[in-house]
Amino acid sequence: MRMSLLFAPTLKEDPQEAEIVSHRLMLRAGFIRQLSAGVYTFLPLGWRTIEKIIRIVREEMDRAGGQEIFMPAMQPAELWKETGRWDLYGPELIRFQDRRGRDFCLGPTHEEVITDLARREIRSYRQLPLLLYQIQTKFRDEIRPRFGVMRAREFLMKDLYSFDRDMDGLQVSYQKMYEAYCRVFSRCGLEYIAVPAESGVIGGDVSHEFLIIAESGEERVFVCSRCGGATTSEVARCPRCGIPMEEKRGIEVGHIFQLGTKYSEPMKAYFVDRDGKEKPLIMGCYGIGIGRTMAAAIEANHDERGICWPFSLAPYEVVVIPVNIKKERHREEAWSVYEELSQAGFEVILDDREESAGYKFTEADLIGFPIHIIIGEKIERSGMLEIKLRRSNERIEVRRAEVREFLERIRKELVK
RNA sequence: CGGGGCGUAGCGCAGCCUGGUUAGCGCACACGGUUCGGGACCGUGGUGUCGGCCGUUCAAAUCGGCUCGCCCCGACCA
């Protein structure tokens, strides 16, 4: 992609409405724009990062045996009345009527819809276990949307639902998801922690929250450095190891629940077990906030100049910056590096704009491309160009001919 | 919903308290020129329902009332 063609409107100054870092940087770097309180448009760079998160999530859900489906956002009130949540959910549920006056809502979550599907289609224990998931827009009329896409009223979520014949099966599904979540967040290049949690409106008995560790996180967690045990309630010492717990802060990006029969009973989602008896499906549900993961990634990975994307989430991996586009040598080398790396499978941006070098450097830092290739005078003098690693600010001079090999080595390191 | 703050050019702001000719500044934008290794410089130019409505007044961005929107703190959440 050429920078001159990219729709990435950056902001020189901090927008007044944005208080926290991730929100400020997403606006400034041209990743998102706000339409209304808690309602956002993702611009090309922002959407690329979202798609990278989605890809990782999808691969890990599939690997864990999940099958992707797509459920409606528009849901009839009757289903919600069956579980009692039409009244329980309160004003956070966005309700409306169709032209015939029938009540509907915009799904804030999909237990009702999936359970309805399950009760219609699952007859026998032979169909179990079953893991179904979707990546879809959720609607919650939050009392107070804030922090940009961190708590939005319309947001992308991956929600997976497990169906098992008994509690043992649920334990297996739950464990699989737990591990899948760990893989998702480590592949995103994020430091995370899983803590036992309260279940809230979704209900159920056992649940774990997944938190991205970031100083600006709203949640306090206490972590044992020896066994990795973590809790949200304040305890001085690790019960297992007896050593002092370390306090950290985190942002909740995922939550997994063992639901049991909370939805299958009231909605009469039964199957016939091997013994010929009809039993309620044993369910679990597992959510990941896609946009929130993006925001949390920025909270955890930025400096005073801008975003420092983990390699796996960066909208583009490499930016090629000719210091002076009007100099033929800079321009031609930049184009040739750009083409060579693109062909080698890198996601590359060529900053072909007639801007000053400083302007391009500053913007590249702001957007947070992990690797910057700077083509300037050195190319004329010695055939060298400069590779800068955004996060460490490390600068390495590399011969033109060795660039590709060098980057392939870096990529290997950054991805693992 | 309770508490606090803010709406003036695309963005960031000044002006408002103490009403008075053409409503300013920086950035951005357009054109020309000089620049080009850390958000360059000079010149020229365009840009405004002063969030909206009602009122007070000879006169309202400025005073009063209502209203809409946005942000921050609290309960809730992915």
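Chain A is the first sequence line, chain B the second, and so forth, proteins listed ahead of strands; every chain is numbered from 1.
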Please give, in whole Å, the distance from C76(B) P to Glu219(A) CD?
11 Å

Please report the distance, rounded to the nearest Å, between CD1 in Ile367(A) and C1' in G39(B).
12 Å

Nearest listed nucleotide, side chain of Ser36(A), among A78(B), G37(B), C70(B):
C70(B)

Interatomic distance at P, G24(B) relative to A61(B), whole Å:
14 Å

When all nucleic acid strands are considered with a 4.0 Å heavy-atom cut-off, which category describes Ala152(A): base, sugar-phosphate, or nothing?
base

CZ of Arg331(A) versus P of C36(B): gap in Å, rounded?
16 Å

Just to be sure I understand the rule, does Leu366(A) reach a base, reach only the sugar-phosphate, or reach nothing, if contact means heavy atoms closer than 4.0 Å?
base

Identify whether any heavy atom of Arg28(A) sits under 4.0 Å from a base atom; if not, whether one sits that close to sugar-phosphate; answer base, sugar-phosphate or nothing.
base

By the side-chain hydrogen bond (donor to acceptor under 3.5 Å, both in side chains) test, which pairs, at least two apart or in different chains, include something from residues 7-21 of chain A?
Thr10(A)-Glu363(A)

Starting at CD of Glu92(A) and ending at P of A78(B), how long is that distance when rounded to a whole Å?
9 Å

Specify the residue among Ala37(A) and Gly376(A) whose closest nucleotide of RNA chain B lies further upstream toward the 5′ end.
Gly376(A)

Rounded to the nearest 0.5 Å, the CD atom of Glu380(A) sits from the CD atom of Glu333(A) at a distance of 9.5 Å

With sugar-phosphate meaning primed atoms plus P, OP1 and OP2, does Val253(A) contact a base, only sugar-phosphate, or nothing at under 4.0 Å between heavy atoms?
sugar-phosphate

Which residues share a salt bridge (charged side-chain N to carboxylate O under 4.0 Å, His left out) with Lys176(A), sequence neighbours left out:
none

I'd like to know whether the aromatic ring centres of Phe257(A) and His255(A) sit less than 6.0 Å apart in this structure.
yes

When both hydrogen-bonding distances must be under 3.5 Å and the geometry is Watson-Crick or G-U wobble, what is A14(B) paired with, if anything?
none

Quick check on RNA chain B: between Pro145(A) and Ile325(A), whose nearest nucleotide comes earlier from the 5' end?
Ile325(A)

Among G37(B), C76(B), C71(B), which nucleotide has an atom closest to any side-chain atom of Tyr40(A)?
C71(B)

Let me know the distance between CD1 of Ile288(A) and P of A78(B), rounded to the nearest Å.
12 Å

List the protein contact pattern of nucleotides 43-50 of chain B with one symbol per nucleotide (5' to 3'): B for base contact, S for sugar-phosphate-only contact, - for none; contact means a heavy-atom distance under 4.0 Å.
--------

Contact class for Lys360(A) (heavy atom, under 4.0 Å): base, sugar-phosphate, or nothing?
nothing

Is Glu386(A) side chain donor-acceptor paired with the G37(B) base, going by distance under 3.5 Å alone?
yes

Report which part of the nucleic acid Ile321(A) touches: base, sugar-phosphate, or nothing (heavy-atom distance under 4.0 Å, all strands).
nothing

Could you check which nucleotide pairs with C77(B) in any of the strands shown, counting Watson-Crick or G-U wobble with both distances under 3.5 Å?
none

When both hydrogen-bonding distances must be under 3.5 Å and the geometry is Watson-Crick or G-U wobble, what is G55(B) paired with, if anything?
C63(B)

Does any part of the side chain of Tyr263(A), heavy atoms only, come nearer than 4.5 Å to the side chain of Arg119(A), both counted from C-beta?
no

Compute the centroid of each ring, for Tyr161(A) and then for His110(A), and state whether the two points are separated by less than 6.0 Å.
no

Arg395(A) has its side chain closest, among C77(B), G39(B), G37(B), to G37(B)

What nucleotide, of G38(B), G39(B), A78(B), holds the atom closest to the side chain of Arg305(A)?
G38(B)

side-chain N/O Arg146(A) vs C73(B) OP1/OP2, d < 4.0 Å
yes

Between C76(B) (P) and Leu93(A) (CG): distance, integer Å
19 Å

Taking the side chain of Glu363(A) as its heavy atoms from C-beta onward, which of G37(B), C76(B), G39(B) lies nearest to it?
G39(B)

Would you say the rings of Phe104(A) and Trp86(A) are close, in the sense that their centroids are separated by under 6.0 Å?
no

Quick check for you: among G38(B), C73(B), G37(B), whose closest atom lies nearest to any side-chain atom of Asp365(A)?
G38(B)

Choose from G38(B), C73(B), A78(B) the nucleotide whose nearest atom is closest to any side-chain atom of Phe147(A).
C73(B)

Salt bridge (charged side-chain N to carboxylate O under 4.0 Å, His left out) partners of residues 281-294 of chain A, not counting sequence neighbours, each pair once:
none

side-chain contact (heavy atoms from CB on, under 4.5 Å) evaluation trace for Thr261(A) with Met283(A)
CA-CA 6 Å; Thr261(A) 59; Met283(A) 294 173 57; over 6 Å; no

How about Tyr133(A) and Tyr286(A): are their ring centres within less than 6.0 Å of each other?
no

Under a 3.5 Å limit on both distances, the Watson-Crick or wobble mate of C70(B) is G5(B)

Return the nearest nucleotide to the side chain of Thr362(A); candidates are A78(B), G39(B), C71(B).
G39(B)

Looking at the base of G37(B), is there any donor atom on it, or on the side chain of Arg381(A), that sits under 3.5 Å from an acceptor on the other one?
no

Paired with C41(B): which nucleotide, if any, by Watson-Crick or G-U wobble criteria at under 3.5 Å for both distances?
G33(B)

Centre-to-centre under 6.0 Å for His372(A) and Phe361(A), is that the case here?
no

Going by side chain to side chain contact (heavy atoms under 4.5 Å, CB included), name the residues that satisfy it together with Arg48(A), two or more places apart in sequence or in a different chain.
Pro315(A), Tyr316(A), Glu347(A)

Protein-proximity profile, nucleotides 1-16 of chain B, B/S/- by nucleotide at the 4.0 Å heavy-atom cutoff, equals -----S----BSS---

It should be established whether Ser356(A) places a side-chain nitrogen or oxygen under 4.0 Å from OP1 or OP2 of nucleotide A40(B).
yes

For Tyr359(A) and G37(B), what is the distance between atoms OH and P respectively, to the nearest whole Å?
17 Å

If we take the C1' atom in both U49(B) and C72(B), what is their distance in whole Å?
29 Å

Enter the distance from Ile298(A):CD1 to Thr293(A):OG1 here, rounded to the nearest 0.5 Å.
11.5 Å

Rounded to whole Å, the CZ-P distance (Arg140(A) to A78(B)) equals 5 Å

